[in-house]
Structures are given as C-alpha cells and as structure tokens.
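Have a look at the structure below before the remarks.
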There are 2 protein chains.
Amino acid sequence: MAKQRPSELELQVLGVLWDRGPSTVRAVREAMPDGKDRAYTTILSVMQGMERKGLVGHTPQRQAHVYHATARREQVLEPMLRDLVRNAFGGSAARALQCLLGGSGVGAGELDEIRRVIDEADREQTEGQGGQP
Amino acid sequence: MAKQRPSELELQVLGVLWDRGPSTVRAVREAMPDGKDRAYTTILSVMQGMERKGLVGHTPQRQAHVYHATARREQVLEPMLRDLVRNAFGGSAARALQCLLGGSGVGAGELDEIRRVIDEADREQTEGQGGQP
DNA sequence: CTGGACCTACTACATATCTAGTATATACTA
DNA sequence: TAGTATATACTAGATATGTAGTAGGTCCAG
C-alpha cells in the first residue's frame, strides 16, 4: 500500500486538489500552477495513473468524476522535503530556508507569517524537552 | 547553454560535490546521502551525463578524474524551491517552511540558526524598503 | 430522436532516468 | 616486467514520465 512519491506533474495536480478541494479533471487542467497548456487527455491520463498509485481517489458524479487527494499536504511533502534537505542541502534545514527565502519574492507579510511558524516550532521544541510521548 | 534541472540522483551527486568540494567518482559514490549501494559505473554514467548537461565539469588527474559542480547550490536550488512552493504549496513559503520544520528532526541549534536566517532576510527586506538599487 | 459537446477508458510513443555490463587503458606492486 | 587493481568510455535495457490520440458512452438542445 505504500504511497508512492509523486512526480513533478503529479505534484502539481495534488497542489491544485489541496488548494481548491475536490475537483474535476477539467478544473485541475485549468488551474495547473505552471501556466502550461496541455491536452485534456494528458491530465486525465496522469490522474488515472495517480489513482492507480493511490495518490488520489474519485467519486463518479452526474457530469464528470470528482477527484480528491488521498493524503494531506504535509503527509506527502514532509518526506519529500526531508529527503531534499538531506540530499541537496547537506542536511541543513537552515540552508534550505535560506534558499527558500532568497530569490523568491517573499513579501513582508509572508515574513511575518513565517516568523509565526518559527515561534510555534520553537514552542513545540521547548515543550518537547519535557518529553511526554 | 541553459543549465538543465538535475534529477533526484543528480541532485545527490551535486549535494556531495557542494558539501565536500571537488571529488572523484569513487568518493561521490561512497558519500551518496541516501545510503543506497550502487555499482561504480552507475555513478560514473550519471556524472558523465551531468557533464553533458553542464551540471558538472572535471579535471583529469593522475589517478582519476576530479569532478566539480559548475553552479553554486543556491543557483540550482532556488529555482527548484521556487517551483516547488508554487506547484505544491500554493505559493505559500510559510506553508513550505512549516513542512520543512515539521516531522524532520530539527534540533534546537538548527532553530537558532534558522532564526538568524530569518532575521537577515528581514533586515534585507526592510533595507529594500528604502530602495537603493 | 439526432447531432454536438463533453466525458472516460484504453493505447501508443518519445524521452528521461536509473541501472549496470563489457571493453579497454593506466598505474602501482612485487 | 608481469599481474592485479582501478579508471574511463561506450553500450544496453528496464522503468518512469509526459504527452496525446482514438473509440465509445452520456446528456442536452433543438
């Protein structure tokens, strides 16, 4: 049953599903984050493959099947990021963050939000020190 | 000349080269971040392909060729992370960070370092507000 | 009830990725 | 210098990925 790792394209499909909730193939096709225009059947094929892999499921509807992601964002991306940090950043999350912030246009608002995330992680870290399972 | 995107395996090779500096095929093979054991010629083939793509270069040495990355870590990874954030995290760097911290065993030391990175980004952000080119 | 619009299932195929073998050159060792 | 260890170049093939076409079903407008 081990959920397989999504490819680039599959990740985009999941991204759409996570952002907008259960969607039809058509809706996904139109919302692909890279603007690239692909044939309808291309997206359909990919999503059918994803279903075989267990990445998505679907419910037959009147008009068209409605697909949904079977795992939450973090469940899929945490392992991927963990590997990325290990493989490409020599295991340093700080270095990864630096890359994440650098270059990409992170606005001031985002930075505040990011700081909030850090604070939260810090709190959990400190609590964890006490160590309840 | 447009440097192509490295694959998973290629990224690992680059990771080794960035972490340890110019290295032989043998050295890379032994330092691959995922512990997986591969034939010597497997790594060799991959690195030869990377040279064709312009991801690495090499200097013939007495014993064995010494390979080096042709681009710095950030040059390769920033675009990759930018795409990842857009494609999988709905464009939210904060969400990506949350994933980065969650699950992966980020120690307290790392957290401090991370905070330092954030502060720096903040400083640059604020300075940028004033707006010297 | 018929023609178009739209949907899914299935098939096909080019390219990339990962893997490793074979052949051959080179260098150190005894 | 003969033999072994090690390196590279080249080749090969299995699997994954991205792409799209064709066939056939369903539903609604006229």
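Sequence lines set the chain letters: A, B, ... in the order given, protein chains first and strands last, and positions in each chain run from 1.
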## Note on the structure
Closest heavy-atom pair, B:Gly54 versus B:Thr70, reported as atoms and distance to 0.1 Å, is O-OG1, 2.6 Å

So, the side chain of [X] versus the backbone of [Y]: is there a donor-acceptor pair under 3.5 Å, distance only?
X       : Y       : value
B:Arg86 : B:Gly91 : no
A:Glu10 : A:Val46 : no
B:Arg38 : B:Ile43 : no

### Task
Could you say whether A:Arg62 or A:Glu10 is positioned toward the 5' end of DNA chain D, judged by the nucleotide with the nearest heavy atom to each?
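Comparing both residues, the 5'-ward one is A:Glu10.
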
#### Entry: Toward the 5' end of DNA chain C, by each residue's nearest nucleotide, B:Leu44 or B:Glu8
B:Glu8

Write down the distance between [atom1] ([X]) and [atom2] ([N]), rounded to a whole number of angstrom.
X       : N      : atom1 : atom2 : value
A:Met47 : D:dG18 : CE    : P     : 14 Å
B:Arg5  : D:dT17 : CZ    : C1'   : 16 Å
A:Arg38 : D:dA20 : CZ    : P     : 8 Å
B:Arg52 : D:dA9  : CZ    : P     : 10 Å
A:Gln61 : D:dT26 : CD    : P     : 17 Å
A:Arg29 : D:dT19 : CZ    : P     : 12 Å
A:Tyr67 : C:dC7  : OH    : P     : 12 Å
B:Gln48 : C:dC18 : CD    : P     : 16 Å

Hey, does [X] reach any base, or is it just sugar-phosphate, or nothing, if we go heavy atoms under 4.0 Å?
X       : value
B:Leu9  : sugar-phosphate
B:Ser7  : sugar-phosphate
B:Ser45 : base

[N], OP1 or OP2 - any side-chain N/O from [X] closer than 4.0 Å?
X       : N      : result
B:Tyr40 : C:dG21 : no
B:Lys36 : C:dT19 : yes
B:Gln63 : C:dC28 : yes
A:Arg26 : C:dC7  : yes

### Close side-chain approach of B:Arg29 and B:Val16, heavy atoms under 4.5 Å
no

### Task
Report yes if a donor N or O on one partner sits less than 3.5 Å from an acceptor N or O on the other, where the partners are the side chain of B:Thr41 and the base of C:dG21; otherwise report no.
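When only heavy-atom distances are counted, B:Thr41 does reach the base of C:dG21 through a donor-acceptor pair under 3.5 Å.
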
